Amino acid sequence: MTGHRSIRETEKAVQAKLGDTPIQHVQMVAVANIYRAAAAVRQHFENSVLRGAELTWTSFVVLWVVWIWGETETRHVAEEAGISKGTLTGVARTLQRRGLLERNSHPTDGRLALLRLTEDGERLMAEVFPAFNAEEVFVADRLTDDECRTLADLLRKIVTQTEENGEERRLALLDGAEPRPRRSGRRPSRD
């Protein structure tokens, strides 16, 4: 069976698969729905408002971070955007070629680079963001204003828990060792 499955179908399949497995179902569903919601929103935005501006979700987030914070070190842009520095390099190059972003050397540390929007980048964000916000309103249309505030507060608690306690938890799970480098999922070939 292939194709998109609804959230109800997925929840039913997970329940059937896990049955009485001793796990915390409520927390699992909460986190799984955060992921599903984020993926659905991202796909909707990329296929609607961002498509016309020829932006991916990631490129929009990079522009947003620099638009909000002004000229910023690349490492901080990557962190704020939730992407690796390597991913940022590729996204920034594409945005530079389009004339939306500039990369400059740091004035006191030549090892660091700064990103800032060009006039065209500023103009694009000023044009795209109202349409982006209209889609935020569309996506949250089934929620009341109070429910939106409650949802934002609850998600903020999850972010805060992870920011404040995540590193300690990771170290405990890894017995104090540093995490191994991320892999793409591909294994080296055995010739």
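Only a predicted model underlies this, so the values are computations on that prediction, with no experimental measurement involved.
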Quick check: closest heavy atoms across [X] and [Y], and the distance to 0.1 Å?
X: Cys148; Y: Ala140; answer: SG-CB, 3.9 Å
X: Arg36; Y: Arg5; answer: NH2-O, 2.9 Å
X: Thr72; Y: His76; answer: CG2-CB, 3.7 Å
X: Ala81; Y: Val62; answer: CB-CG2, 4.3 Å
X: Ala126; Y: Pro130; answer: O-CD, 3.1 Å
X: Leu115; Y: Val66; answer: O-CG1, 3.7 Å

- side-chain contact (heavy atoms from CB on, under 4.5 Å) between Leu100 and Asp120, intermediate numbers included: CA-CA 5 Å; Leu100 303 172; Asp120 285 347; 4.2 Å; yes

Membership question, hydrophobic clusters at under 4.5 Å side-chain separation (ILVMFWY): are [Y] and [X] in the same one?
X: Leu114; Y: Leu95; result: no
X: Val137; Y: Phe132; result: no
X: Phe138; Y: Leu50; result: yes
X: Trp69; Y: Ile83; result: yes
X: Ile68; Y: Leu124; result: yes

Spatial distance of atom [atom1] ([X]) from atom [atom2] ([Y]) [nearest 0.5 Å]:
X: Asn104; Y: Glu73; atom1: CG; atom2: CD; result: 12.5 Å
X: Glu147; Y: Thr144; atom1: CD; atom2: OG1; result: 3.5 Å
X: Ile158; Y: Arg156; atom1: CD1; atom2: CZ; result: 12.0 Å
X: Arg169; Y: Leu173; atom1: CZ; atom2: CG; result: 4.5 Å
X: Leu88; Y: Glu80; atom1: CG; atom2: CD; result: 12.0 Å
X: Lys157; Y: Glu164; atom1: NZ; atom2: CD; result: 12.5 Å

Check whether any side-chain N or O of [X] sits under 3.5 Å from a backbone N or O of [Y] as a donor-acceptor pair, and report yes or no.
X: Ser59; Y: Leu55; answer: no
X: Thr118; Y: Gly99; answer: yes
X: Glu46; Y: Trp57; answer: yes
X: Thr94; Y: Ala92; answer: no
X: Arg98; Y: Glu54; answer: yes
X: Glu9; Y: Ser6; answer: yes

Flag the pair [X] / [Y] as yes when at least one side-chain heavy-atom distance between them is below 4.5 Å, and no otherwise.
X: Leu117; Y: Leu101; value: yes
X: Val128; Y: Leu63; value: no
X: Val159; Y: Leu155; value: no
X: Glu178; Y: Leu174; value: no

[X] atom [atom1]: more than 12 heavy-atom contacts under 6.0 Å:
X: Arg93; atom1: CZ; result: no
X: Glu79; atom1: CD; result: no
X: Gln43; atom1: CD; result: no

- Message: side-chain contact (heavy atoms from CB on, under 4.5 Å) for Gln24 and Met28? Distances and angles first, verdict last.
- Response: CA-CA 6 Å; Gln24 301 297 318; Met28 178 191 71; over 6 Å; no

- Task: Decide yes or no on side-chain contact (heavy atoms from CB on, under 4.5 Å) for Trp67 and Phe129, but give the supporting numbers first.
- Result: CA-CA 11 Å; Trp67 190 47; Phe129 187 71; 3.9 Å; yes

- Query: Are a donor atom and an acceptor atom from the side chains of Thr58 and Arg42 found within less than 3.5 Å of each other?
  - Reply: yes

- Task: State plainly whether the residues Arg170 and Glu167 are in salt-bridge range, i.e. N to O under 4.0 Å.
- Result: yes

- Message: Apply side-chain contact (heavy atoms from CB on, under 4.5 Å) to residues Asp145 and Arg149 and explain how you reach the verdict.
- Response: CA-CA 6 Å; Asp145 286 354; Arg149 280 190 274 287; 3.8 Å; yes

